[in-house]
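Note that the numbering runs from 1 along the sequence shown for the chain.
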Amino acid sequence: MSSLVVVEISGRKYQSPKEILMKSGYFKEVLEKDPKCKEISLDRDPQFFGPLLAFLRKGRFSIEMEELDGASKLQLFEDIMFFKIQELQSIILDDIKVEKRKDLEKQFENVKIAPPVEESVSAGDPIVQPNGQGCFLCGTMAHAEKDCKFNPENKAG
């Protein structure tokens, strides 16, 4: 049977078999430097250490990311990086990417992006110029709408 190691995180004590802690890059470094180590004390926020230790034991992550606010997610990610838990780093990074993408999609859900003028403009396709000037029919700033060849009222075009 493996020896037990006590990990104290800001006054809270956790006891775990050495082989479980060795799944963390941080504890692996500490325990390989001092194989007889029986207690490790750290001055860190203990909020997420229990669930991180449970992940090392069971391989399942029990924290619902959707329920965490931004500061808590940041603290969790910092703890995962500090303890060097590789499997969780990729899970959390993927979650952050998905969340960022959703935030960006929500921010820009009502924004319509006009296609490039050269490829898509035909008669009657209005493209609004940002400053309200120029031709709304073809998107150019070179002439006004009344002078555009796409203007049906323009007999000269």
Side-chain angles (χ1 to χ4, degrees), residues 1-122 124-141:
M1 180 156 177
S2 177
S3 62
L4 294 175
V5 177
V6 174
V7 179
E8 183 180 340
I9 308 287
S10 295
R12 289 189 191 171
K13 291 189 178 188
Y14 302 85
Q15 190 171 343
S16 181
K18 187 175 186 175
E19 72 259 7
I20 298 295
L21 293 174
M22 294 289 280
K23 294 178 183 180
S24 153
Y26 172 81
F27 289 116
K28 184 175 182 175
E29 289 172 10
V30 170
L31 295 170
E32 283 179 347
K33 279 184 184 175
D34 183 3
K36 295 181 180 185
C37 179
K38 297 289 182 196
E39 187 164 338
I40 301 170
S41 295
L42 297 168
D43 182 21
R44 295 196 57 83
D45 186 337
Q47 178 181 5
F48 295 115
F49 186 74
L52 294 178
L53 185 57
F55 176 81
L56 294 175
R57 286 184 180 137
K58 300 174 186 172
R60 289 187 309 246
F61 192 54
S62 62
I63 295 175
E64 293 295 327
M65 294 297 291
E66 302 82 35
E67 295 176 8
L68 298 178
D69 62 22
S72 295
K73 285 181 184 179
L74 180 60
Q75 179 62 49
L76 174 59
F77 187 67
E78 287 175 358
D79 284 351
I80 290 168
M81 297 300 288
F82 178 84
F83 291 113
K84 299 178 183 175
I85 305 172
Q86 295 292 328
E87 303 91 330
L88 277 181
Q89 287 177 8
S90 60
I91 291 170
I92 298 301
L93 284 175
D94 288 344
D95 183 75
I96 290 170
K97 288 176 189 173
V98 167
E99 187 174 307
K100 278 283 190 207
R101 186 172 50 245
K102 286 179 183 177
D103 286 348
L104 287 172
E105 286 172 358
K106 187 173 182 176
Q107 269 184 309
F108 293 101
E109 67 188 353
N110 295 322
V111 174
K112 305 280 188 243
I113 299 175
V117 172
E118 299 79 32
E119 298 176 28
S120 64
V121 175
S122 60
D125 287 345
I127 298 177
V128 177
Q129 298 300 318
N131 61 5
Q133 298 177 357
C135 181
F136 293 103
L137 296 174
C138 70
T140 185
M141 297 300 290

So do the side chains of [X] and [Y] get within less than 4.5 Å of each other, counting heavy atoms only?
X   : Y   : result
L68 : F48 : yes
Q75 : D45 : yes
S72 : E67 : no
L56 : S24 : yes
L52 : L76 : yes
M22 : L31 : yes
F49 : D79 : no
I85 : F61 : no

For this session: Say whether, by atom type as modelled, one donor and one acceptor occur between the side chain of S10 and the main chain of R44 under 3.5 angstrom.
Result: yes
For this session: Kindly give the heavy-atom pair with the smallest separation between P35 and K18, and that separation in Å.
Result: O-NZ, 2.6 Å
Exercise. Where do Q89 and K84 come nearest, in terms of heavy atoms and distance?
Worked result: NE2-CA, 3.9 Å
Nearest 0.5 Å, what's the [atom1]-[atom2] distance between [X] and [Y]?
X   : Y   : atom1 : atom2 : answer
C37 : E32 : SG    : CD    : 12.5 Å
R57 : L21 : CZ    : CG    : 8.0 Å
K58 : I20 : NZ    : CD1   : 11.0 Å
I40 : Y14 : CD1   : OH    : 14.0 Å

Exercise. Between V7 and L53, does a side-chain contact (heavy atoms from CB on, under 4.5 Å) hold up when you go through it step by step?
Worked result: CA-CA 10 Å; V7 179; L53 185 57; over 6 Å; no
For this session: May I ask you to decide if the ring planes of F27 and F83 are parallel, tilted or perpendicular, using 30° and 60° as cut-offs?
Result: parallel
For this session: Identify whether the distance between the nearest side-chain nitrogen and carboxylate oxygen of K23 and E87 falls below 4.0 Å.
Result: no
Exercise. In chain order, what residues pass the salt bridge (charged side-chain N to carboxylate O under 4.0 Å, His left out) check against E39, with sequence neighbours excluded?
Worked result: none
